[in-house]
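Structure first, then comments.
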Amino acid sequence: QVQLVESGGGLVQAGGSLRLSCAASGRSFSMNSMGWFRQAPGKEREFVAAITGGGANTDYADHVKGRFTISRDNAKNTAYLQMNNLKQEDTAVYYCAIGRRPWATRRSGDYDYWGQGTQVTVSS
């Protein structure tokens, strides 16, 4: 059974940093892309970042580019999202997901497995 578990969320002041982790279990996902999405209260889930299966290529939403970094450790079946210079508008539940194919994609429909989410709250 495939399971994704996110961790690392919490409360941080604006300008601070957090590092989210997403540990996958059940099988190896080294050939699959991984992505991070987020959903703020009253808003739709939106794409944040994605990384290819091998980790060589990444993609970021414009509103996080230059502040967030996605990475992965295939030996640990784990993906990370380093978030720096956090802003209040980054407050949301963050979800990791495993893609159906090796290439990075922004479409949530291209992801087969999802974690339960971790709350990130940025205060002023």
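Since the structure is predicted, the reported quantities are computational estimates derived from the model, not experimental observations.
A heavy-atom distance below 4.5 Å is found between the side chains of Arg27 and Asn32. Proximity of Asp112 to Val2: side-chain heavy atoms (C-beta onward) are nowhere separated by under 4.5 Å. Annotation: side chain of Asp73 is in contact with side chain of Tyr80 (closest heavy-atom distance under 4.5 Å). At a threshold of 4.5 Å between non-hydrogen side-chain atoms, the residues Phe68 and Ile70 do not count as touching. At least one side-chain heavy atom of Arg45 sits under 4.5 Å from a side-chain heavy atom of Trp114.
Taking SG of Cys22 as the reference point, atom CD1 of Ile98 lies at 6.5 Å (rounded to 0.5 Å). To the nearest 0.5 angstrom, Leu86 atom CG is 6.0 Å from Ser17 atom OG. The distance from atom CD of Glu46 to atom OG of Ser108, rounded to the nearest 0.5 Å, is 11.5 Å. Taken to the nearest 0.5 Å, the OG1 atom of Thr105 stands 8.0 Å off from the CZ atom of Phe47.
For the pair Gln119 and Val93, the tightest heavy-atom approach, listed with the atom from each and the gap, is OE1-CG2, 3.2 Å. The nearest pair of heavy atoms linking Ala92 to Arg38 is CB-CB, 3.9 Å. Taking both residues in full, the closest heavy atoms of Thr78 and Ala23 are given as OG1-CA, 3.9 Å, listed atom of the first, atom of the second, then distance. Scanning all heavy atoms of the two residues, the minimum distance from Met83 to Val120 falls at CE-CG2, 3.8 Å. Of all the heavy atoms in Arg72 and Phe29, the pair that sits closest is NH2-O, 2.8 Å. Closest approach of Val122 and Gln88 over heavy atoms only: O-CG, 3.5 Å.
Panel note: side chain Thr52, backbone Ala104; no donor-acceptor pair is recorded below 3.5 Å. Here the side chain of Asn57 pairs no donor or acceptor atom with the backbone of Trp103 at under 3.5 angstrom. Side chain of Arg106 to backbone of Ala50: no donor-acceptor contact under 3.5 angstrom is found. Here the side chain of Glu6 pairs a donor or acceptor atom with the backbone of Cys96 at under 3.5 angstrom. Using a distance-only test at 3.5 Å, with no hydrogens or angles considered, a donor-acceptor pair links the side chain of Arg67 to the main chain of Asn85. No side-chain donor-acceptor contact under 3.5 Å links Asp90 to the backbone of Ala14. Judged purely by atom type and a 3.5 angstrom limit, Thr121 has no side-chain atom pairing as donor or acceptor with the backbone of Thr91.
Lys65 has a carboxylate O that lies under 4.0 Å from a charged side-chain N of Asp62, or vice versa, which qualifies the two as a salt bridge.
Within a 6.0 Å sphere centred on CD of Glu89, other residues, nucleotides and ligands contribute more than 12 heavy atoms.
Leu18 and Tyr60 fall within a single hydrophobic cluster, where Ile, Leu, Val, Met, Phe, Trp and Tyr side chains are chained together by heavy-atom contacts under 4.5 Å. One hydrophobic cluster holds both Trp36 and Ile51 under the rule that ILVMFWY side chains link at heavy-atom gaps under 4.5 Å. Both Val64 and Leu20 are assigned to one and the same hydrophobic cluster, defined by single-linkage of ILVMFWY side chains at heavy-atom distances under 4.5 Å. Tyr94 and Met34 fall within a single hydrophobic cluster, where Ile, Leu, Val, Met, Phe, Trp and Tyr side chains are chained together by heavy-atom contacts under 4.5 Å.
Relative orientation of the Tyr111 and Phe37 rings is perpendicular, given thresholds of 30° and 60° on the angle between their planes.
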